[in-house]
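Convention: sequence-line order gives letters A, B, ...; per-chain numbering from 1.
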Number of protein chains: 2
Amino acid sequence: MPSRKKPTIYDVAKSSGVSISTISRVLNSPDKVNPETHRRVMSSIDKLGFVPKAEARARAMRHANRIGVITPLFTAPSFVQRLRGVASALSKANYELVIYPVDSVEQLQGYISSIPIMQNVDGLIIMSLAIEDQDARRLHDNGMQTVLIEYSHPQLNSIEIDDAIGGQLAARHIIGKGHRQVAFLGEIESPEKYAIHPVKSRLQGFKNTLDEAGISLLKKYIKSAPYMQENSQRAALELLSMDQPPTAIFAAADIQAISIMKVARQLKLRIPDDLAVVGFDDIDIAEYMDLTTIRQYLDQSGRLAAEILLSHLADSDRALQHIKIPLTLIERQTA
Amino acid sequence: MPSRKKPTIYDVAKSSGVSISTISRVLNSPDKVNPETHRRVMSSIDKLGFVPKAEARARAMRHANRIGVITPLFTAPSFVQRLRGVASALSKANYELVIYPVDSVEQLQGYISSIPIMQNVDGLIIMSLAIEDQDARRLHDNGMQTVLIEYSHPQLNSIEIDDAIGGQLAARHIIGKGHRQVAFLGEIESPEKYAIHPVKSRLQGFKNTLDEAGISLLKKYIKSAPYMQENSQRAALELLSMDQPPTAIFAAADIQAISIMKVARQLKLRIPDDLAVVGFDDIDIAEYMDLTTIRQYLDQSGRLAAEILLSHLADSDRALQHIKIPLTLIERQTA
DNA sequence: TCGAAGTATGAAAGCATTTTCAGTCTAACA
DNA sequence: TGTTAGACTGAAAATGCTTTCATACTTCGA
């Protein structure tokens, strides 16, 4: 009895003895339908070869149930961990997650200019990327709900980290442990034009707090090196093989702290006795390494971004939110 | 004058003083409308920036250069690293990446049954998840190009890891180093019904190779523990505080190997002298830790999956591919 | 044992268009 | 001058879905 016509959800409903609402639910929010019903409906769908008409769907759908995340291409573990927060919040709310990985300015510009027009996504989360005023305005004017993470703009929601405070926390801790010979390692100058510069602020906060305590952060003790292991290790080696090596190093990222630890091990330095190390981020691995670090609640910041976005989608004239997430020093074994 | 909401044909109708039917006609059969009316309507359309929603979306939905990845919710670093491979291959090819994170059977079942029917992605990559025969058939029958990673099915493309060989490599290496007291740590029994069981194969290959060399892997030296740090550490502690502790441990995942190293450090055991550790995966952090491990080329397997998918999308009657990725032992400092 | 708090479902109200049908108006023809 | 065939147009129905709302049916404490 295969009818010549394309089957509609009414046909499926009849064939499986439920209402059309249930058919729709099976396809769109399967978690809301009884497994047994689901099974029955799916088997009818398969039997009839039902495919929902995209046009009818588009018409009836108020929103796309899809949000986009623009992010640097999985470079650092910290991005991933934030993404995990985003993903878990979205999947709970039955939203699809579209990733737009960025590895050049042009790409970023391309996404930002085409996304609002395409209307493929209901909202946008932009992670750790600097966006230009004009792009921010475009997003705003097109009514694209957006949350910026680690960056801010007056016309868009934002979640920021107080990097300077992070530097301060690290400095206080290191001072408290009695260190006087203190160093800093981080990727101070990022080569990418679209990148943000949290490391500078971390250094600033660190340096100022040391200054206030009468400890000077000598220029030779400030090393800039890219995240990559080789670079970080080389920089660490330079620091640690000086005539008067530092007794404590604050690394602007946990992975760099781990590089320092590796070099220290090779030099037979005991941590924290010969060398104290403080990281920044508190990525998963930090706990495995017993690394003392500044926690920036990565998962939670991602989750929060998603939640803010969803709440603004639900109620579009909600006031803009500019949130600063607090930082905490997590004391473990390395400092 | 950017209006908040997208204009509909009602807005155009109002603005140009005609009925919606006429707007529709202007768009679909212009010959049936008075030239003067046509002109007026067109000018309203331009002014409002009206775009027929359904069509725009239907077009956007249809062949959007979009591929989906179904993956366990970022639990282990190894998933993330594979994902990175996928992302980089796709972004090069100008494809959008939609993530479907799974954390329950129901969710997996939901995605996997609706995606092939909804057809809102062009292709699908399913990472490290077991799928049922019926679902595989549905994917195939609905013409959804699919690549399975760490699992296989005769009707779908697949990329597999030879886990047993991995165990064998680890065993050979450990034997070569002269160890006789050998242990295994891994999450042998996964609690999730949808999970796959590569750990069993790793253990199997490990055990068999030891057997062949006349070394028996005693039952008490086989520990099953979840990936989570606390569990792995407890298991490691149990192993290492036995009367006759093992002198070498093969961990079925790098993060578990790292947990072992942490416990060993606490017990003041020197690695590799007192205890040799071999991991599995070769995640990024393994290099930082100088961990000897079995490399499974995570990035590359992800990239390969994406490439296979793209080539099948370009030419849909390409033959199915079932690929086994080779493993390599990477010797570093821990064994 | 009762009420409270969920689950699972169907009826019905959208959604943004297209299409049908019927009416008005004009122009042309007898 | 009365008819009438077009040419335009609008009201309303149809389209194939999604979503809201109400309701019946389960648990689940206490």
Side-chain angles (χ1 to χ4, degrees), chain A residues 3-42 44-45 48-66 92-96 119 122 310 313-315, chain B residues 3-42 44-45 48-62 104 106-107 109-110 114-115 117-120:
Chain A
S3 76
R4 301 265 153 266
K5 267 296 180 193
K6 293 262 166 189
T8 73
I9 81 172
Y10 289 91
D11 302 318
V12 180
K14 198 174 298 170
S15 148
S16 47
V18 295
S19 78
I20 59 163
S21 326
T22 301
I23 312 301
S24 174
R25 268 188 289 257
V26 164
L27 261 13
N28 296 295
S29 29
D31 51 311
K32 289 187 182 159
V33 10
N34 182 304
E36 165 58 17
T37 313
H38 186 278
R39 216 196 40 61
R40 245 185 27 251
V41 170
M42 282 312 292
S44 284
I45 288 178
L48 298 179
F50 167 71
V51 174
K53 267 116 209 112
E55 185 233 323
R57 254 195 115 217
R59 188 198 315 142
M61 231 137 57
R62 285 121 212 270
H63 44 247
N65 268 343
R66 173 180 302 142
K92 265 197 204 68
N94 199 20
Y95 269 76
E96 275 186 0
Q119 298 286 302
D122 300 324
L310 294 180
L313 287 175
D315 171 10
Chain B
S3 71
R4 283 244 145 272
K5 270 290 164 203
K6 296 271 118 185
T8 74
I9 76 173
Y10 286 91
D11 302 316
V12 180
K14 199 174 298 170
S15 147
S16 47
V18 295
S19 80
I20 58 163
S21 321
T22 302
I23 311 302
S24 175
R25 268 188 288 261
V26 165
L27 263 15
N28 298 293
S29 32
D31 52 311
K32 289 190 180 157
V33 17
N34 184 304
E36 163 58 17
T37 315
H38 186 278
R39 212 197 42 63
R40 249 190 17 257
V41 170
M42 281 314 288
S44 283
I45 286 180
L48 298 179
F50 167 75
V51 176
K53 177 188 173 188
E55 252 172 77
R57 288 270 267 93
R59 231 184 290 287
M61 292 291 246
R62 211 53 191 87
S104 71
E106 294 76 31
Q107 218 177 4
Q109 189 58 46
S114 70
I115 289 173
I117 289 162
M118 297 292 230
Q119 306 264 318
N120 49 6

Whole-Å distance between [N] [atom2] and [X] [atom1]?
{"X": "Leu27(B)", "N": "dA16(C)", "atom1": "CG", "atom2": "P", "result": "16 Å"}
{"X": "Asn28(B)", "N": "dT20(C)", "atom1": "CG", "atom2": "P", "result": "12 Å"}
{"X": "His63(A)", "N": "dT18(D)", "atom1": "NE2", "atom2": "P", "result": "12 Å"}
{"X": "Ile20(B)", "N": "dA14(D)", "atom1": "CD1", "atom2": "P", "result": "15 Å"}
{"X": "His38(B)", "N": "dC8(D)", "atom1": "NE2", "atom2": "P", "result": "12 Å"}
{"X": "Asp11(B)", "N": "dC15(C)", "atom1": "CG", "atom2": "P", "result": "13 Å"}
{"X": "Glu36(B)", "N": "dA7(D)", "atom1": "CD", "atom2": "P", "result": "19 Å"}
{"X": "Glu106(B)", "N": "dA8(C)", "atom1": "CD", "atom2": "P", "result": "11 Å"}

Would you compute the distance between atom [atom1] of [X] and atom [atom2] of [Y] and round it to the nearest 0.5 angstrom?
{"X": "Thr37(B)", "Y": "Arg25(B)", "atom1": "OG1", "atom2": "CZ", "value": "10.5 Å"}
{"X": "Met42(B)", "Y": "Ile23(B)", "atom1": "CE", "atom2": "CD1", "value": "10.5 Å"}
{"X": "Ile45(B)", "Y": "His38(B)", "atom1": "CD1", "atom2": "NE2", "value": "8.0 Å"}

> Is there a donor-acceptor pair closer than 3.5 Å between any side-chain N or O of Asp31(A) and the backbone N or O of Gly110(B)?
Replying inline: no
Which nucleotide in the set [options] lies at the smallest distance from any side-chain heavy atom of [X]?
{"X": "Arg62(A)", "options": "dT9(D), dT17(C), dT19(D)", "value": "dT19(D)"}
{"X": "Val18(B)", "options": "dT18(C), dT19(D), dG10(D)", "value": "dG10(D)"}
{"X": "Phe50(B)", "options": "dT18(C), dT17(C), dC17(D)", "value": "dT17(C)"}

> If an axis is fit to five pairs at each end of the helix from dT1(C)-dA30(D) to dA30(C)-dT1(D), what is the angle between the two, to the nearest 10°?
Replying inline: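 Axis-to-axis angle, ends of the helix: 40°.
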> Ignoring hydrogens and angles, does a donor from either the side chain of Ser21(B) or the base of dA11(D) sit under 3.5 Å from an acceptor on the other?
Replying inline: yes
>> Should the side chain of Arg59(A) and the base of dG14(C) be counted as holding a donor-acceptor pair, with the cut-off at 3.5 Å?
In response: no
> When the nearest nucleotide of DNA chain C is assigned to Tyr10(A) and to Ile23(B) on a heavy-atom basis, which residue is associated with the more 5' position?
Replying inline: Tyr10(A)
Looking at [N], I'd like to know if its phosphate oxygens (OP1 or OP2) sit under 4.0 Å from a side-chain N or O belonging to [X].
{"X": "Arg57(A)", "N": "dT18(D)", "answer": "yes"}
{"X": "Thr22(B)", "N": "dG10(D)", "answer": "yes"}
{"X": "Lys53(A)", "N": "dC17(D)", "answer": "yes"}

> For Thr8(A), which contact category applies under a 4.0 Å heavy-atom criterion: base, sugar-phosphate, or nothing?
Replying inline: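 Sugar-phosphate only.
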> Minimum heavy-atom separation for Pro7(A) to Leu48(A), with atom names?
Replying inline: CG-O, 3.4 Å
>> Closest-nucleotide mapping onto DNA chain D: is Pro35(B) or Ser24(A) further toward the 5' terminus? I mean the 5' end.
In response: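 On the 5' side of the pair lies Pro35(B).
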> Between Arg25(A) and Ser19(B), who's closer to the 5' end of DNA chain D by nearest nucleotide?
Replying inline: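 It is Ser19(B), whose closest nucleotide lies nearer the 5' terminus.
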> With side chains defined as the heavy atoms from C-beta onward, is the minimum distance between Pro52(A) and Met118(B) less than 4.5 Å?
Replying inline: yes
>> Looking at Lys53(A), I want to see if its NZ is surrounded by more than 12 non-hydrogen atoms of other residues, nucleotides or ligands under 6.0 Å.
In response: yes
>> Side chains of Asn28(A) and Arg57(A): any donor to acceptor distance under 3.5 Å?
In response: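 Side chains of Arg57(A) and Asn28(A): pair found under 3.5 Å.
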